[in-house]
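Right, one structure below, let's go through it.
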Amino acid sequence: MDLGLAGKRAIVLGVANRRSIAWAITQALGAEGMRIALTYQERMEDGVRQLAEMLDDPILLPCDVQRDEEVAAVFRAIDERWGGLDTVVHSLAFAPREALEGDFVNTSREAWATALDISAYSLVHVAREAEPLLTKAGGGSIITMTYLGSERAMPGYNVMGVAKAALEASVRYLAANLGPKGIRVNAISPGPMQTLAARGISGFTDMYKHAREVSSLRRTNDPDEIGALAAFLASHHARGTTGEVHYMDCGYRILGI
Ligand code: NAD
């Protein structure tokens, strides 16, 4: 199926290394012929530059979503270079390590604020900066990454579950707000995957093992299938869906026990 993405322009926030979900999505979008801009946190720069060598003429920009001037500079640079944008992939999250272990009841105000700022507010901020560029392109697609811990209590996921609930609500509000401009906003919810961010969650190994053993398909996600769903959501084939959480979790969420 031709997704019609050749020559279109995507920015992907959240590549840390080759295991990043953002990298799987980048490869899928690149394979469809999209032009790619990647952003990285400073400490990830070397690794991301190496990965970017596999892409055709990428734009590479530093972006810590807690630094307003960096977020603004990213979209200014893209406007200067491309003059518009078709797709935004937001694949990033963070919570202080101590908040991802132990009792949720002990979550500090500071950890709560940091987790929600980086993992949820950043989507609203990025959408606001991207909107003029997406509008210039006649509309576009914003895609973010979430997890079932938003609606169910998972061991050790703690404040990140609260942040994902806020992220999913933001997807719905952004979709309603930006829909009249032809901008769609969707979230992908995979099962547990072995990435750098996942290693910071104290209960992750158990979540991963459990998902592999009991999910309907008796496996966890391949990064490529998440990339394929993101490419579909970026494409005109998905033009009728917005404000949704798209589960691709090998049939875990549908189970009763
Ligand atoms: P990852 O560690 O590869 O990616 C997380 C990214 O967040 C990194 O690139 C990191 O640089 C970025 N980040 C953190 N703080 C930032 C900040 N202040 N500014 C800019 N970037 C920042 O891990 P991943 O698993 O690929 O995570 C990507 C997304 O997928 C996250 O939203 C995560 O919650 C979500 N997700 C992951 C899983 C899983 O099991 N791995 C499951 C469902 C959803």
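The side-chain heavy atoms of His125 and Asp68, taken from C-beta on, include a pair separated by under 4.5 Å. Counting heavy atoms from C-beta outward, Phe232 and His237 have side chains that approach closer than 4.5 Å. Taking 4.5 Å as the limit, every side-chain heavy atom of Trp23 sits out of range of all side-chain heavy atoms of Val48. Looking at Ile188 and Ile21, their side chains never come closer than 4.5 Å, going by heavy atoms from C-beta outward. Considering only heavy atoms from C-beta on, Tyr157 stays 4.5 Å or farther from Arg152 through its side chain. Contact annotation: the side chain of Met154 approaches that of Leu148 to within less than 4.5 Å [non-hydrogen atoms, C-beta and beyond]. Put simply, the side chain of Tyr147 reaches to within 4.5 Å of the side chain of Pro192, judged on heavy atoms.
Tyr247 and Leu229 are not part of a single hydrophobic cluster, where members link through side-chain heavy atoms under 4.5 Å apart. Residues Val65 and Leu61 share a hydrophobic cluster, clusters being chains of Ile/Leu/Val/Met/Phe/Trp/Tyr side chains in contact below 4.5 Å. In terms of hydrophobic clustering, with Ile, Leu, Val, Met, Phe, Trp and Tyr side chains grouped at heavy-atom distances under 4.5 Å, Met44 and Ile118 are assigned to different clusters. Hydrophobic clustering, with ILVMFWY side chains joined whenever heavy atoms are under 4.5 angstrom apart, keeps Leu167 apart from Val245. A continuous path of hydrophobic side-chain contacts links Val88 to Ile78 [ILVMFWY only; heavy atoms under 4.5 Å].
Remark: Asp79 engages Lys136 in a salt bridge (charged side-chain N to carboxylate O under 4.0 Å, His left out) (not counting sequence neighbours).
The environment of Lys8 atom NZ is sparse: at most 12 non-hydrogen atoms of other residues, nucleotides or ligands sit within 6.0 angstrom. Under a cut-off of 6.0 angstrom, the local environment of CD in Glu110 is sparse, with at most 12 non-hydrogen atoms contributed by other residues, nucleotides or ligands. Within a 6.0 Å radius of CD in Gln50, other residues, nucleotides and ligands contribute 12 heavy atoms or fewer.
The two residues Met145 and Ser91 have their closest heavy-atom pair at CG-OG, 3.4 Å. The heavy-atom pair separating Leu255 from Ser216 by the smallest distance is CD2-OG, 3.8 Å. Here the closest heavy-atom approach between residue Ser215 and residue Cys250 is recorded as CB-O, 3.4 Å. The two residues Leu5 and Ser235 come nearest to each other via the heavy atoms CD2-CA, 3.9 Å. When all heavy atoms of Pro190 and Asn221 are compared, the pair lying nearest together is CB-OD1, 3.5 Å. Taking each heavy atom of Tyr208 and Thr220 in turn, the nearest pair found is OH-OG1, 3.3 Å.
Put simply, the side chain of Asn186 gets close to the backbone of Thr241: a donor and an acceptor are under 3.5 Å apart. Looking at Thr107, its side chain never comes within 3.5 Å of a backbone N or O of Ala99 through a donor-acceptor pair. In terms of modelled atom types and a separation under 3.5 Å, the side chain of Asn17 and the main chain of Ser20 share a donor-acceptor contact. At distances below 3.5 Å, not a single donor-acceptor pair connects side-chain atoms of Arg219 with backbone N or O atoms of Arg212. Side chain of Ser119 to backbone of Phe94: a donor-acceptor contact under 3.5 angstrom is found. Side-chain N or O atoms of Asp103 include none that pairs as donor or acceptor with a backbone N or O of Val105 at under 3.5 Å. In this structure, Arg184 contributes its side chain and Leu233 its backbone to a donor-acceptor pair below 3.5 Å. A donor-acceptor pair is defined here as one N or O able to donate and one able to accept, closer than 3.5 Å; such a pair exists between the side chain of Ser202 and the backbone of Leu100.
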Step by step, would you call Ile226 with Met193 a side chain to side chain contact (heavy atoms under 4.5 Å, CB included)? CA-CA 11 Å; Ile226 304 302; Met193 295 170 68; 4.1 Å; yes
Step-by-step side chain to side chain contact (heavy atoms under 4.5 Å, CB included) determination, Met160 to Ile201: CA-CA 9 Å; Met160 191 53 80; Ile201 301 158; 5.8 Å; no
Go through Leu29 and Val89 one step at a time and tell me if the side chain to side chain contact (heavy atoms under 4.5 Å, CB included) criterion holds. CA-CA 10 Å; Leu29 300 181; Val89 177; 4.0 Å; yes
Using side chain to side chain contact (heavy atoms under 4.5 Å, CB included), reason through Val185 and Tyr173 one step at a time and then give a plain yes or no. CA-CA 9 Å; Val185 188; Tyr173 277 91; over 6 Å; no
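In this structure, the separation between OG1 on Thr195 and CZ on Arg19 is 8.5 Å, given to the nearest 0.5 Å. Distance check: Arg49 CZ to Leu38 CG gives 10.0 Å after rounding to the nearest 0.5 Å. Atom-to-atom distance recorded for Glu80:CD and Ile59:CD1 is 10.0 Å, nearest 0.5 angstrom. Considering CE of Met54 and CD1 of Ile36, their distance stands at 13.5 Å, rounded to 0.5 Å. Note that the CG atom of Asp86 and the CD1 atom of Ile183 stand 11.0 Å from one another [nearest 0.5 Å]. Atom-to-atom distance recorded for Leu123:CG and Arg128:CZ is 11.0 Å, nearest 0.5 angstrom.
A salt bridge between Glu101 and Arg97 is absent, with no side-chain N of the basic residue lying under 4.0 Å from a carboxylate O of the acidic one.
Using cut-offs of 30° and 60° for the angle between ring planes, the Phe104 and Trp112 rings count as tilted.
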